[in-house]
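Chain naming here is simple, since letters A, B, ... match the order of the sequence lines and numbering starts at 1 in each.
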Amino acid sequence: MEKKIQLYNSISRQKEEFKPIHDTHVGMYVCGPTVYSDVHLGNCRTFISFDIIFRYLKFIGYKVRYVRNITDVGHLLDDGEDRILKGARLQQLEPMEVVQKYTNGFHAMMRIFNTEEPSIEPRATGHIVEQIEMVQQIIDNGYAYEANGSVYFDTLKFAQSTGEYGKLSGRVIEELVAESRDNLKNQDEKRHPSDFAIWMKAAPEHIMKWNSPWSIGFPGWHLECSAMSTKYLGTHFDIHGGGNDLKFPHHENEIAQNIGSCGCHPAKYWLHTNMLLLNGKKMSKSDGNTISPLELFSGDSVHISQGYSPMVVKFFMLQAHYSAPLDLTDEGLQAAEKGFKRLMEASKILSKLQGLNAGKGSLDEEMIGLADAALTEMSDDFSTPKALAKLFELVPKINSLGDGKLSLNDVSDTALDHVRQSFHGLIFDVFGLKDEQAGENNAVDGLMNLILSIRQKARANKDWPTSDEIRDGLKAAGIVVKDSKDGSSWTYE
RNA sequence: GGUCUCGUGGCCGAGAGGCUUAGGCAAAGGUCUGCAAAACCUUCUACAGCGGUUCGAAUCCGCUCGAGACCUCCA
């Protein structure tokens with residue numbers, strides 16, 4: 001690969017050069033959602049971030065296998081009830097109906113945000129056999145013990161003999177003793193408070209349960225990711241990602257399970273996305289400081305003054321680095337909406353520009369430089385904000401070329417092609433943005449051409465009332481007319 | 001309470017020891033325009049506070065204040 005990527009590895013706590021295990025192929029695993037309710041907006045940020053990483057790696061030539069799971073069993077609530085089962089009980093649905101319902105909703109939302117589908121999207125319940133095998137391996141290696149039909153991971157023994165526990169999250173096993181609460185389920189069956197269940201015996205009324213060597217039960221949360229990443233990416237793969245709230249215990253325990261079962265570190269690079277805040281505070285349903293994606297789109301929320309389209313929301317997210325917290329505010333969204341439109345307009349103008357057929361233009365070097373710089377910024381830990389900044393530096397050039405303030409004699413067509421490739425490549429192929437206003441409607445184009453030509457005649461005759469009537473009427477219909485020296489153009493508001 | 005992260009101009013957000021006025025939005029002035037919008041040009045120079053290290057700090061260290069994450073379900 002020509003591009004050298006630097007990325008921040010959570011486990012080493014520093015930026016490293018990305019060197020894939022296999023030259024041209026990259027394996028990436030991202031912890032997907034637990035499908036027990038509508039997808040959270042913060043979730044969307046995480047998956048959009050990894051979608052862009054996936055797309056960028058492909059864009060620069062890697063073959064990427066991107067695995068993102070669906071967790072549909074084993075993820076328990078505080079009181080020990082399975083999240084899926086609680087959803088089923090409350091909505092009077094079969095557990096798998098709950099799973100299907102919210103999986104569908106999640107997929108629909110990912111499509112709305114124009115993300116690509118992962119290469120493989122495995123489900124926890126589809127990999128019970130693999131999980132049972134992994135539990136057995138861990139027991140065989142002496143890092144787990146059975147108690148009452150449940151199996152627990154022996155964190156103390158693992159920590160003492162491998163020294164691996166706590167590396168990712170920076171935790172020390174001794175401290176976990178004092179910190180661990182004692183009101184968790186089956187605390188008495190554990191040898192150590194920080195031990196965690198990898199197989200749980202099911203109560204008789206529990207619906208989702210499977211036969212195993214230890215009991216009729218279900219796998220522990222964390223185990224599904226260990227089992228499925230191993231199955232589809234191997235025991236050691238390139239990138240493991242997720243939200244940073246999963247660092248502990250989820251990812252820490254995942255690492256323990258992988259090392260405990262096969263002796264290998266699952267991932268070379270750990271990437272963590274940061275939280276999305278609303279008005280400077282954590283989103284929280286209980287105090288009303290929350291907004292759903294659909295409310296954001298419709299504007300039906302006290303936190304925003306209007307609706308924002310999915311691409312505006314996505315653009316807003318791209319203006320911040322994935323590893324930094326991002327504060328969602330109405331003002332911020334409004335700024336993003338304008339910026340996004342400006343970028344899209346420039347992109348449209350860029351498609352139509354034609355420069356010199358031969359030779360070099362005086363603007364060539366600068367424009368190519370900015371376009372290349374935008375791509376290079378992405379190699380620095382996938383910095384979408386820096387890449388966007390470079391693209392925005394190109395915007396005045398593009399607009400000036402478009403309306404004649406800069407001469408097309410000063411730029412070569414080869415240079416424009418080069419710029420187009422990077423500009424459009426980044427915006428559409430890597431960021432996965434799309435022009436929501438792009439009318440693929442020939443009838444509208446035809447009508448607008450007709451209307452604008454009538455107005456042009458009125459203007460030529462200095463018939464301002466007619467000219468303004470047309471412009472005002474169109475404005476009322478949501479269409480903005482822009483006059484320039486060589487005619488008028490239009491765009492949706 | 002413990003572990004960790006962060007605090008940048010009117011707002012959002014990059015940067016991470018000495019040239020970046022990063023970028024977006026807003027605001028002001030100007031060019032263009034029948035008017036307007038758009039576009040273009042120009043202006044607005046900040047790094048929570050207090051100490052310290054250094055020739056030099058927004059960038060390193062300490063303390064204070066504030067925010068957030070994890071420890072307990074969460075991306």
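- The side-chain hydrogen bond (donor to acceptor under 3.5 Å, both in side chains) test with A/T273 is passed by exactly one of A/N244, A/D245, A/T46: A/T46.
- Of the candidate nucleotides B/G34, B/A14, B/A38, B/G34 has the atom nearest to the side chain of A/W464.
- For a distance-only test at 3.5 Å, the side chain of A/D468 qualifies as a donor-acceptor partner of the base of B/G34.
- One atom, CG of A/N279, and another, C1' of B/A67, lie 14 Å apart when rounded to the nearest Å.
- Rounded to whole angstrom, the span from the NZ atom of A/K314 across to the P atom of B/G13 amounts to 19 Å.
- In terms of phosphate contacts, A/R471 brings no side-chain nitrogen or oxygen within less than 4.0 Å of OP1 or OP2 of B/U33.
- In this structure, B/U21 makes no Watson-Crick or G-U wobble pair, since no nucleotide meets both defining distances under 3.5 angstrom.
- In terms of phosphate contacts, A/N399 brings a side-chain nitrogen or oxygen within less than 4.0 Å of OP1 or OP2 of B/C40.
- Taking atom CG of residue A/L277 and atom P of nucleotide B/G68, one finds them 8 Å apart after rounding to whole Å.
- Cation-pi geometry between A/R68 and A/F47 is met: the NZ or CZ atom falls under 6.0 Å from the ring centre, inside 45° of the normal.
- Paired with A/C44 under the rule side-chain contact (heavy atoms from CB on, under 4.5 Å), one option of A/I112, A/V313, A/V39, A/L296 passes, and it is A/V39.
- Taking only side-chain atoms of A/K482, from C-beta outward, the nucleotide of B/A37, B/G34, B/A14 with the closest atom is B/A37.
- Of the candidate nucleotides B/A69, B/A36, B/C12, B/C12 has the atom lying nearest to any side-chain atom of A/F316.
- Taking atom P on both nucleotides, B/G23 is separated from B/C32 by 26 Å, rounded to a whole Å.
- For the P atom pair drawn from B/G29 and B/A36, the interatomic distance equals 14 Å after rounding to whole Å.
- The A/F392 side chain lies nearest to B/G23 when the options are B/G23, B/A14, B/A69.
- The side chain of A/A389 has B/A22 as its nearest neighbour among B/G13, B/A22, B/G68.
- Of all nucleotides listed (B/A39, B/G24, B/C40), B/C40 comes nearest to the side chain of A/V395.
- Candidate nucleotides B/C71, B/C35, B/A22 were compared by shortest atom distance to the side chain of A/P249, and B/C71 ranks first.
- Relative to the side chain of A/A320, the nucleotides B/A14, B/C11, B/G34 differ in distance, and B/A14 lies closest.
- Using a 3.5 Å distance cut-off with no hydrogens or angles, the side chains of A/T71 and A/Y36 do not pair a donor with an acceptor.
- Comparing B/A48 with B/U59, their C1' atoms sit 15 Å apart, to the nearest whole Å.
- Counting non-hydrogen atoms of neighbouring residues, nucleotides and ligands closer than 6.0 angstrom, the CD atom of A/Q91 exceeds 12 such neighbours.
- Taking atom CG of A/L370 as the reference point, atom P of B/A22 lies 15 Å away to the nearest angstrom.
- Distance noted for atom C1' between B/C12 and B/C70: 26 Å (whole Å).
- Between the NE2 atom of A/H303 and the P atom of B/C12 there is a distance of 17 Å, given to the nearest Å.
- For the pair A/T46 and A/S400, both in contact range of RNA chain B, the more 5′-proximal nearest nucleotide belongs to A/S400.
- Between the side chains of A/H303 and A/S301, no donor-acceptor pair of N or O atoms lies under 3.5 Å.
- Comparing A/T273 and A/G280 along RNA chain B, the residue whose closest nucleotide (by nearest heavy atom) sits nearer the 5' end is A/G280.
- In this structure, B/G62 and B/C50 make a Watson-Crick or G-U wobble pair, each of the two defining distances being under 3.5 angstrom.
- For A/R455, the side-chain atoms get nearest to B/G34 when compared with the rest of B/A14, B/A26, B/G34.
- Under 4.0 Å is where a charged nitrogen must lie from a carboxylate oxygen, and between A/D468 and A/R471 at least one such pair does.
- Rounded to the nearest Å, the gap between the P atom of B/C50 and that of B/U43 is 30 Å.
- Annotation: B/C19 and B/G56 have their C1' atoms spaced 15 Å apart (nearest Å).
- Pair assignment for B/G1 gives B/C71, based on Watson-Crick or G-U wobble hydrogen-bonding distances that are each under 3.5 Å.
- With B/C40, B/C12, B/G24 as the candidates, the nucleotide lying closest to the side chain of A/D327 is B/C12.
- Ion pair A/E116/A/R55 flagged as a salt bridge, since at least one NZ, NE, NH1 or NH2 atom sits closer than 4.0 Å to an Asp/Glu carboxylate oxygen.
- Atom name P, nucleotides B/C44 and B/G24: the rounded distance is 16 Å, in whole Å.
- Rounded to an integer number of Å, the gap from A/D463 CG to B/G34 C1' is 12 Å.
- Between B/A46 and B/U5, the two P atoms lie 28 Å apart (nearest whole Å).
- Rounded to an integer number of Å, the gap from A/R342 CZ to B/G24 P is 6 Å.
- Phosphate contact (OP1/OP2 of B/A37, side-chain N/O of A/K475, threshold under 4.0 Å): absent.
- Note: CG (A/N244) to C1' (B/C70) measures 8 Å, nearest angstrom.
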